[in-house]
Amino acid sequence: MEGSIAEMGKFIGVGLTAIGMGGAAIGVGNIAGNFLSGALRNPSAAPGQTAMLFIGIAFAEALGIFSFLVALLLMFAV
Amino acid sequence: MAETAATGPGMPQLDISTFPNQIFWLVVTLVVLYFVMSRVALPRVAAVLADRRGVITSDIATAEEFKHKAQAAEEAYHKALAEARAEAGRIVEAAKAEMQEELDAQMAKADAEIAARTAESERRIQEIRDSAMDMVSEVSKDATKDILELFGAKADARSVNAAVAARLKGGA
Amino acid sequence: MADNNGGLAIRPMDQFEVKALFGGDVSWYTPTNVTLWMALTVLAASALMIYGARGRALVPSRAQSAAEMTYGFIYKMVEDVAGKDAVRFFPHIFTLFMFVFFANILGLVPFAFTTTSHIAVTAVLALTVFFSVTALGFILHGTKFLGLFWISSAPLALRPVLALIELISYCVRPVSHSIRLAGAMMAGHAVAKVFAGFTAAMGAAFFLPILAVTALYALELLVAVIQAYVFTILTCVYLKDALHPSH
């Protein structure tokens with residue numbers, strides 16, 4: 001495999017940005033888990049808060065998608 | 001970047017040359033979709049939903065009314081039933097009293113009749129007994145006179161009668 | 001660049017290319033696959049909301065029921081999240097939802113082109129929401145709308161700092177709003193394409209990537225719906241900020 005140092009660095013960078021998505025996964029899992037434990041404590045209040053659950057998941061997930069985007073940009077556009 | 005866009009496998013999303021096209025068609029689509037939705041689709045669905053809500057509300061009101069009517073009818077029925085029961089009880093009471101009265105009257109009448117009959121029979125028994133007594137004294141007198149004549153003695157009617165009466169009185 | 005000198009001939013990004021339908025260059029008015037799939041989006045939305053609900057029956061058919069549930073779902077979302085006075089913007093939000101929803105779903109059809117995977121498209125959607133909501137806030141509340149950034153419950157010394165942070169987060173909204181949708185769509189399709197490309201390369205174990213793609217497809221269906229939902233609900237949240245800027 002031939003290639004430049006710059007290209008190698010690019011791939012390493014893409015791999016590193018992928019870690020960011022793991023962080024988003026932890027965040028989403030945290031939100032969902034906490035929602036579930038709260039919903040089990042007070043099931044009657046849970047249906048009213050699903051919108052908040054999805055908003056929270058969306059915000060947490062957005063940051064993971066940013067890192068994915070950085071990875072894509074590194075792979076294809078730089 | 002310009003080089004990648006020109007030569008191939010970059011990100012098509014970053015190919016600025018296609019942006020005007022996408023944005024133009026997006027705006028067209030959104031405008032069309034907005035007018036289709038807000039002018040045609042949504043009013044229809046809203047009308048159907050409003051109709052249904054109206055029908056359901058009126059149906060519930062009708063059902064409520066029927067329920068009230070049914071309750072009123074049930075109450076009236078119970079009231080009528082109670083009245084009929086009371087009426088029946090009263091009629092039974094009255095009939096009982098009337099029957100008792102009649103029974104008492106009949107009993108009294110029967111008692112009176114029985115008493116009258118008893119008295120009559122007693123009187124007749126007495127009569128029969130008296131006549132029997134008379135016959136007995138007559139027969140005794142005749143028999144005594146005949147016996148005396150057989151013995152050849154002249155029977156004095158008065159003394160025979162007195163003697164027979166005395167014997168009968170003593171014997172009886 | 002990245003993959004034309006590698007061993008695998010997988011080009012996961014090719015599916016996102018904008019091509020003219022009848023050949024030739026792509027100028028701003030050329031009918032492209034963007035045009036085709038956006039038109040199909042409009043058709044699908046109309047099919048559900050007009051053709052599906054055509055019976056106008058008191059006891060709805062299945063399609064009519066689906067149309068009514070979609071209507072009720074978005075209506076309730078607008079009412080719950082953005083407030084009762086936001087109901088006058090319900091048609092706008094409903095249009096937005098229908099577009100994103102059907103674009104996402106139709107993008108899952110094999111060989112389809114996903115219009116919402118393009119940042120140009122989602123950025124226009126998000127910027128439209130951003131500018132109209134901001135303009136609405138200023139029209140309704142004038143300069144009081146800036147109270148959104150001036151948090152009066154915080155200590156006075158902190159307020160300028162917080163105002164700066166709030167302002168930045170407010171201005172970043174369209175970025176996250178658009179990139180979330182485009183990124184989620186792009187990621188799923190690209191990953192599906194990569195896995196599909198493994199099928200030929202894996203030889204005897206070809207069924208593994210197929211199973212993976214199947215599972216991924218189910219996930220993508222979920223993501224398509226959730227992203228449409230999230231896009232709409234965030235629009236409602238922004239709208240609520242414009243209608244009621246005081247926290």
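Labels below follow one simple rule: chain letters A, B, ... track the order of the sequence lines, proteins then strands, and each chain is numbered from 1.
Between C/Thr116 and the options C/Thr122, C/Asn104, C/Thr41, a side chain to side chain donor-acceptor pair (under 3.5 Å) holds for only C/Asn104.
For the atom pair C/Tyr238 OH and C/Phe130 CZ, the distance stands at 9.5 Å (nearest 0.5 Å). Atom CZ of C/Phe99 sits about 12.5 Å away from atom CE of B/Met37, to the nearest 0.5 Å.
For B/Arg44, the part lying under 4.5 angstrom from a heavy atom of chain C is the side chain only. At a 4.5 Å heavy-atom cutoff, the contact between B/Ala46 and chain C is made by backbone and side-chain atoms alike. Heavy-atom distances place no part of C/Thr128 under 4.5 Å from chain B, backbone and side chain included. The parts of B/Thr29 that come within reach of chain C are both its backbone and its side chain, each placing non-hydrogen atoms under 4.5 angstrom from that chain. When heavy atoms are compared at a cutoff of 4.5 Å, B/Leu33 approaches chain C by way of both its backbone and its side chain.
Between chain C and the options B/Ile23, B/Leu26, B/Val48, heavy-atom pairs under 4.5 Å are most frequent for B/Leu26. The residue among C/Ala53, C/Ala67, C/Ser27 with the most heavy atom pairs within less than 4.5 Å of chain B is C/Ser27. The candidate with the highest count of non-hydrogen atom pairs below 4.5 Å against chain C, out of B/Leu42, B/Val28, B/Val45, is B/Leu42. The choice from C/Val26, C/Leu58, C/Thr115 that makes the most heavy-atom pairs within less than 4.5 Å of chain B is C/Leu58.
Here B/Phe24 and C/Trp28 bring their ring centres to under 6.0 angstrom of each other. Aromatic pair C/His189/C/Phe113: centroids not less than 6.0 angstrom apart.
Note on ring orientation: taking the six-membered ring where Trp is involved, the planes of C/Tyr75 and C/Tyr71 are parallel (angle under 30°, cut-offs 30° and 60°).
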